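What follows is a short report on a single structure.
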There are 2 protein chains.
Amino acid sequence: MARKQGSHADITGPRLREAALRLFARHGFAAVSMRQIAAEVGVQAGALYLYTPDKQALLFDLMRDHLEDLLADWAPPEAPPLMQLESFVRHHIRYHLDRPDLVFIAYMELRNLDPANFAVIEGLRRDYETRLEAILRRGRAAGVFDVADTKLATMALIAMLTGVTTWYREGGRLDRATVEALYWDMARKAVAAA
Amino acid sequence: MARKQGSHADITGPRLREAALRLFARHGFAAVSMRQIAAEVGVQAGALYLYTPDKQALLFDLMRDHLEDLLADWAPPEAPPLMQLESFVRHHIRYHLDRPDLVFIAYMELRNLDPANFAVIEGLRRDYETRLEAILRRGRAAGVFDVADTKLATMALIAMLTGVTTWYREGGRLDRATVEALYWDMARKAVAAA
DNA sequence: GTCTATAGAATGATAGAC
DNA sequence: GTCTATCATTCTATAGAC
């Protein structure tokens, strides 16, 4: 059992991604070495290159998959703008509480992406922001939102909601349902017409 | 002029801090080498160690000075809670728009601090958050704020406001006064009693 | 598929000349 | 006070044995 040899392609791949995610989130992409990741996976550094072309692709794949999941996981319901906003806000909080590490690196490690990769990730992020802005626009047109600038309000709301990952801890003082409800309350009031 | 020698202690020190700040903000602490910083300053790498004991101290000093400035620069005025909140929000936006790089690294590079340094920075950050929470508590007691949980509201507001640094660009579509006013409007509504 | 071994480059920090 | 030169590590990535 001391020697670890043989084929484990089916499990090493996912384990590599999990280890990279955890270490990148904890220490930052640039501060983590391929050796550290390999140690976490339980293989030698050289073996990682069977599953990823390089370290950069490891980061990019994590971020792209995360943002594509985020976009695929939610679409605005056919409903009045206020209900659409509630759906967006509650989904955003839930999704972010479920995947704190992914959210964290998708936000913190943008600087470490190659220019081409950065453009892809920024495009996906913009798609997500555009969805919220569309809700705010519709609501303003309908007179239910009082938002002087929909772009600024979009950025302000997303920053407020995403910030939950910086302080929320599982098993803490507030449970998830309460957190979700309180953020929805603040978001609603921040953009509501008088 | 090809050879750069002689005494420049008075200017090299500040220039080192400026260069480190700019590079850390742009590429991240771990991704920046002492050689890069030295090149930016216009000296050799070895010369940097006349002005800082090591790379870690460079980061810590920037973050500590920034947070101490932030705390020294503002104190709650003797005024009703709503006016205190307005003062806090407007100062926060102004301060953050004035020092985007410092704000950015103070937020992004926490993971790269030694444990002892991290504790100091976290303490300063908590002091700042406590000031906002005190305003919210007073306002809630006075019946002018409707905040179910002051701690969550504090984190939500600070995240919303600090987020301005992620999108605001000098000379962009909105000027600083407008940005400040719009954030104040959203913050006020988010916590105001009906 | 994983291993050992290593190439080739870069890193943080120091020593000693000037 | 800054320089050149260098130490001792560390890094990403590859080559070839098994």
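Note that these values count all heavy atoms, side chains included, but never hydrogens, waters or copies made by symmetry. Quick caveat: nothing in here was measured; it's all calculated off a predicted structure. Lettering follows sequence order; numbering is per chain, from 1.
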Legend entry - Protein-to-nucleotide contact annotation, 5' to 3' order, nucleotides 10-15 of chain C [B base; S sugar-phosphate only; - none; under 4.0 Å, heavy atom]: -BBBB-
Legend entry - Side-chain N,O (A:T12) to OP1/OP2 (C:dT2) below 4.0 Å: yes
Inset, instruction - Please list, chain by chain and in numerical order, all residues satisfying side chain to side chain donor-acceptor pair (under 3.5 Å) with A:T150, sequence neighbours excluded. - result: A:E133
Legend entry - Any residue meeting salt bridge (charged side-chain N to carboxylate O under 4.0 Å, His left out) with B:R26, in chain and number order, not counting sequence neighbours: none
Inset, instruction - To the nearest Å, give me how far apart OH (A:Y51) and P (D:dA13) are. - result: 17 Å
Legend entry - Residue-level proximity of residues 17-26 of chain A to DNA chain C when a heavy atom falls under 4.0 Å: none
Inset, instruction - Tell me whether the OP1 or OP2 atom of C:dT2 has a side-chain N or O from A:Q44 closer than 4.0 Å. - result: no
Legend entry - salt bridge (Lys or Arg N to Asp or Glu O under 4.0 Å) contacts in which one or both residues fall within residues 52-61 of chain B, not counting sequence neighbours: B:D61-B:R64
Inset, instruction - Could you state the atom-to-atom distance from CG of A:L48 to P of D:dA13 in whole Å? - result: 10 Å
Legend entry - Test salt bridge (charged side-chain N to carboxylate O under 4.0 Å, His left out) applied to A:E180 - qualifying residues, sequence neighbours left out: A:R90, A:R94
Legend entry - Contact check, side chains of B:L16 and B:E40, non-hydrogen atoms, under 4.5 Å: no
Inset, instruction - Starting at atom CG of A:L50, determine the distance to atom P of D:dG16, rounded to an integer number of angstrom. - result: 16 Å
Inset, instruction - For A:Y168, check ring pair (Phe, Tyr, Trp, His ring centres under 6.0 Å) against everything at least two apart and list the hits. - result: none
Inset, instruction - Would you please name every residue forming a side chain to side chain contact (heavy atoms under 4.5 Å, CB included) with A:A20, sequence neighbours left out? - result: A:F24, A:I37, A:L58, A:L62
Legend entry - Which residues share a salt bridge (charged side-chain N to carboxylate O under 4.0 Å, His left out) with A:R188, sequence neighbours left out: A:D185
